[in-house]
Visitor: 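Pasting a structure below so you can have a look.
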Amino acid sequence: PFRGLSGPFLGPFGLDVPGLFLDHAPMKKILLYCSISLFTLIASVSLTWAHPHAFMEAQVSLVFDEGGLAGVRQRWSIDEMTSFTVLDLIMEDRDGTLSPKEVAAIKDKSMGSIRDFNYFTSIFIDGKPFAGKWITEFDAKLDGAKLIYSFFMPCHVAAAATPKDVKVAVFDESFYTYIAYVQEGEE
């Protein structure tokens, strides 16, 4: 018969389990073990949400003109699986080359989906963020099974007698896309 948390409890199969919850040392261990297991399960589920699903290699270069910094040129090499997914959505003839219409579809669908994230590009000029809201000179090519994107992001910083501190980083804050920096010829 049940007599409360510190008295005898008629457990499963008619077994008398005294002090089931608070004053029974093995039960404390079980509760601790269950708590740790629950925490581990929640933590592991959270970690699975924070792993990348797409991988790319990025080359970034600053472009200067007669007025100073003109912008940032980028070249992205997209992993085979992500490339396949993008191509499956836009390729019409599946001939292994990209037509101008297909390149435009890639710019619209793939790059359009990250427009609100400044194309994964963070630029700071003297510590102040610069929002890269558009890109120009977009092109996409196939290199084997990988898509290669190249584009230019305008960011005008006038040349001046006083140096400007310009920092550029390419990353996905959500960590959905893992981005590795490479130099030309390393990909």
Side-chain angles (χ1 to χ4, degrees), residues 47 49-187:
L47 289 175
W49 288 333
H51 70 277
H53 293 78
F55 300 85
M56 80 178 198
E57 296 173 336
Q59 295 174 5
V60 180
S61 57
L62 300 178
V63 177
F64 295 88
D65 61 18
E66 60 282 346
L69 177 65
V72 180
R73 184 168 311 284
Q74 296 186 49
R75 182 182 186 274
W76 295 354
S77 176
I78 314 297
D79 71 271
E80 290 90 348
M81 184 61 75
T82 304
S83 295
F84 176 81
T85 303
V86 171
L87 292 171
D88 191 50
L89 292 172
I90 60 97
M91 271 194 124
E92 295 175 352
D93 53 17
R94 308 219 185 278
D95 66 353
T97 62
L98 296 174
S99 69
K101 184 178 177 184
E102 291 167 332
V103 170
I106 290 173
K107 181 180 180 189
D108 180 52
K109 289 182 175 35
S110 184
M111 298 302 282
S113 70
I114 60 172
R115 179 183 306 118
D116 291 340
F117 304 99
N118 296 327
Y119 303 95
F120 295 157
T121 305
S122 292
I123 302 173
F124 290 87
I125 303 166
D126 287 336
K128 295 177 185 154
F130 170 85
K133 294 295 182 188
W134 72 89
I135 59 173
T136 62
E137 303 173 31
F138 178 82
D139 194 20
K141 293 182 176 15
L142 283 170
D143 183 9
K146 290 183 175 186
L147 273 169
I148 308 295
Y149 298 170
S150 59
F151 59 93
F152 180 76
M153 179 179 284
C155 174
H156 299 283
V157 179
T162 307
K164 301 272 186 186
D165 182 36
V166 178
K167 295 180 181 175
V168 179
V170 179
F171 62 95
D172 177 6
E173 290 180 12
S174 72
F175 203 57
Y176 185 86
T177 304
Y178 175 81
I179 302 170
Y181 292 97
V182 295
Q183 293 183 0
E184 191 173 342
E186 286 185 351
E187 56 291 327

Visitor: How close do Phe124 and Gly127 get, counting heavy atoms only, and between which atoms?
Guide: CD2-O, 3.8 Å
Visitor: How far apart are the closest heavy atoms of Trp134 and Pro154, and which atoms are they?
Guide: NE1-CG, 3.3 Å
Visitor: Could you measure the distance from the CD atom of Glu92 to the CD1 atom of Ile90? Nearest 0.5 Å is fine.
Guide: 8.0 Å
Visitor: Measure from the side-chain N and O atoms of Thr121 to the backbone N and O of Tyr119, and report whether any donor-acceptor pair falls under 3.5 Å.
Guide: yes
Visitor: Give, for atom NZ of Lys167 and atom CG of Asp126, the distance between the pair rounded to the nearest 0.5 Å.
Guide: 10.0 Å
Visitor: Is the closest side-chain heavy-atom distance between Val166 and Leu69 below 4.5 Å?
Guide: yes
Visitor: Asp65 side chain to Gly68 main-chain N or O, any donor-acceptor pair under 3.5 Å?
Guide: yes
Visitor: Return the CG to CD1 distance between Leu87 and Ile106, rounded to the nearest 0.5 Å.
Guide: 6.0 Å
Visitor: Report yes if some heavy atom in the side chain of Val72 is under 4.5 Å from a heavy atom in the side chain of Leu62; otherwise report no.
Guide: yes
Visitor: For the pair Asp143 and Lys141, evaluate salt bridge (charged side-chain N to carboxylate O under 4.0 Å, His left out) and give the outcome as yes or no after the intermediate values.
Guide: CA-CA 7 Å; Asp143 183 9; Lys141 293 182 176 15; over 6 Å; no
Visitor: How long is the span from the CD1 atom in Ile179 to the CD atom in Glu57, to the nearest 0.5 Å?
Guide: 11.5 Å
Visitor: Taking all non-hydrogen atoms of both residues into account, name the closest pair between Lys146 and Ser77 and its distance.
Guide: CD-OG, 3.5 Å
Visitor: Nearest 0.5 Å please: distance from the CG atom of Leu98 over to the CD1 atom of Ile148.
Guide: 11.0 Å
Visitor: Tell me if a side-chain donor or acceptor on Asp79 pairs with a main-chain N or O of Met56 at a distance below 3.5 Å.
Guide: no
Visitor: What are the two closest non-hydrogen atoms of Val63 and Arg73, and how far apart are they?
Guide: CG2-CB, 3.9 Å
Visitor: Check Gln74, Arg75, Met153 against Val60 for a side chain to side chain contact (heavy atoms under 4.5 Å, CB included) and give me the one that passes.
Guide: Gln74
Visitor: Determine whether Phe55 and Thr82 make a side-chain contact, defined as any pair of heavy atoms from C-beta on separated by less than 4.5 Å.
Guide: no
Visitor: Where the side chain of Ser83 meets the backbone of Leu147, is there a donor-acceptor pair that is under 3.5 Å apart?
Guide: yes
Visitor: I need the minimum non-hydrogen distance between Ala58 and Trp76, along with the two atoms involved.
Guide: CB-CD1, 3.8 Å
Visitor: Looking at Lys107, is its backbone amide N or carbonyl O close enough to the side chain of Ser110 to form a donor-acceptor pair, meaning the two atoms are under 3.5 Å apart?
Guide: no
Visitor: Which distance, rounded to the nearest 0.5 Å, do you find between the OH of Tyr149 and the CE of Met111?
Guide: 7.5 Å
Visitor: For atom OH of Tyr178, decide whether the heavy atoms of other residues, nucleotides or ligands shown that lie under 6.0 angstrom number more than 12.
Guide: no
Visitor: In sequence, state the C-alpha distance, the side-chain angles, and the governing distance for Val157 and Phe130, and then conclude on side-chain contact (heavy atoms from CB on, under 4.5 Å).
Guide: CA-CA 10 Å; Val157 179; Phe130 170 85; over 6 Å; no
Visitor: Do side-chain atoms of Glu137 reach the backbone of Ser150 as a donor and acceptor pair under 3.5 angstrom?
Guide: no
Visitor: Looking at every non-hydrogen atom in both residues, tell me the closest pair between Lys133 and Arg115 and how far apart they are.
Guide: O-CG, 4.1 Å
Visitor: Does some side-chain heavy atom of Ile125 sit less than 4.5 Å from a side-chain heavy atom of Cys155?
Guide: yes
Visitor: Would one find more than 12 heavy atoms of other residues, nucleotides or ligands at under 6.0 Å from atom CZ of Phe117?
Guide: no
